[in-house]
Amino acid sequence: MLEVETKFRADDLDAVGERLLALDAIAGEPEHHEDTYLRHPCRDFKTTGEALRVRKVGLVASVTYKGSKVALTDSALKARKELEWCLAPGDTDGTNMLDLLTSLGFTISTTVKKARRSFRFPDDHPNQRFTVTLDDVEQVGTFTEIECLVDQANEVQLERTGQSIRSLAEELRLGPAEKQSYLAMLLEKTT
């Protein structure tokens, strides 16, 4: 599967949430995410565009690998392979996985902390394949992300998905797209 997403700066998350509800989106429960990103011992993820993180949400931890970005005409649209799996119940904070990865030579880059609320659309809604998240990222700011997962897609499908994301962003009255990841923005502020 490929994750296709675009991130937008959002000054008023409550207003975006109200517009989502007006479009019949269903709000999930607020969550607190702690995403610990790792550096590979043999290659530079910044250069390859890859990412490896251990995410903690409440009492659930997961590991996510994000592959290199697919080159697209719209540079604000990100599409890349994403692999994710939940960790065993005994590793609810990801400590065991982080110990394993650092024992294998990975090093911790930083941890991105954010408050997140996700919205989904009903199955019969035209936007049903999209998830919209409202993120308040510590030290970085507030954002709205629109994303969906697609089967390994060709460029035409990805461009159509990008157009659908832009159309939904217009309906939600979102501002300009943000090309940088939360990780890059945080590292820029703290290093």
*asked:* Are the side chains of L187 and T110 in contact, using a 4.5 Å heavy-atom criterion?
replied: yes
*Side-chain touch V150/L2, heavy atoms, less than 4.5 angstrom*: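 The answer is yes, as the side chains (C-beta and beyond) meet within the 4.5 Å cut-off.
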Would you find a donor on one side and an acceptor on the other, under 3.5 Å apart, between the side chain of [X] and the backbone of [Y]?
X: T92; Y: P89; answer: no
X: R173; Y: R19; answer: no
X: D91; Y: N96; answer: yes
X: S109; Y: R39; answer: no
X: K7; Y: Q180; answer: yes

*asked:* With a 4.0 Å cut-off on N to O distance, would you call R53 and E84 a salt bridge?
replied: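 Here R53 pairs with E84 in a salt bridge, since their nearest N and O are under 4.0 Å apart.
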Would you name the heavy atoms of [X] and [Y] that are closest together and state the gap between them?
X: R80; Y: A51; value: NH2-CB, 4.5 Å
X: K189; Y: Q139; value: CD-O, 2.8 Å
X: A61; Y: G94; value: CB-N, 3.5 Å
X: R129; Y: T161; value: NH1-OG1, 3.5 Å
X: S181; Y: A184; value: OG-N, 3.0 Å
X: S164; Y: F130; value: CB-CZ, 3.5 Å

Over 12 non-hydrogen atoms of neighbours within 6.0 angstrom of [atom1] in [X]:
X: D11; atom1: CG; result: no
X: D123; atom1: CG; result: no
X: L59; atom1: CG; result: no
X: R166; atom1: CZ; result: yes

*Take V156 and E159, measure what side chain to side chain contact (heavy atoms under 4.5 Å, CB included) needs, and give me the verdict at the end.*
CA-CA 5 Å; V156 172; E159 294 298 338; 5.9 Å; no
_If we count only N and O atoms by modelled type, under 3.5 Å, do the side chains of T133 and S118 hold a donor and an acceptor together?_
no
Assigning hydrophobic clusters by single linkage (Ile, Leu, Val, Met, Phe, Trp, Tyr; side-chain heavy-atom cutoff under 4.5 Å), is [X] placed with [Y]?
X: V137; Y: L134; answer: no
X: F143; Y: F119; answer: no
X: L104; Y: L98; answer: yes
X: I108; Y: Y65; answer: yes
X: L87; Y: Y37; answer: no

*Do E178 and R9 pass the salt bridge (Lys or Arg N to Asp or Glu O under 4.0 Å) test, and can you show the C-alpha distance, the side-chain angles, and the key distance before you say yes or no?*
CA-CA 6 Å; E178 173 58 58; R9 289 199 173 270; 3.3 Å; yes
*Only pairs at least two apart or in different chains count here, so list each salt bridge (charged side-chain N to carboxylate O under 4.0 Å, His left out) that has a residue in residues 23-36.*
D35-R55, D35-K114
*Name all residues meeting the side-chain hydrogen bond (donor to acceptor under 3.5 Å, both in side chains) criterion together with D135; count only those two or more places apart in sequence or in a different chain, and write none if there are none.*
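Applying side-chain hydrogen bond (donor to acceptor under 3.5 Å, both in side chains) to D135 gives R116, Y182.
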*At what distance, to the nearest 0.5 angstrom, does CG of L183 lie from CZ of F45?*
11.0 Å
_Parallel, tilted or perpendicular, as decided by the 30° and 60° cut-offs, for the rings of H40 and F106_ = perpendicular
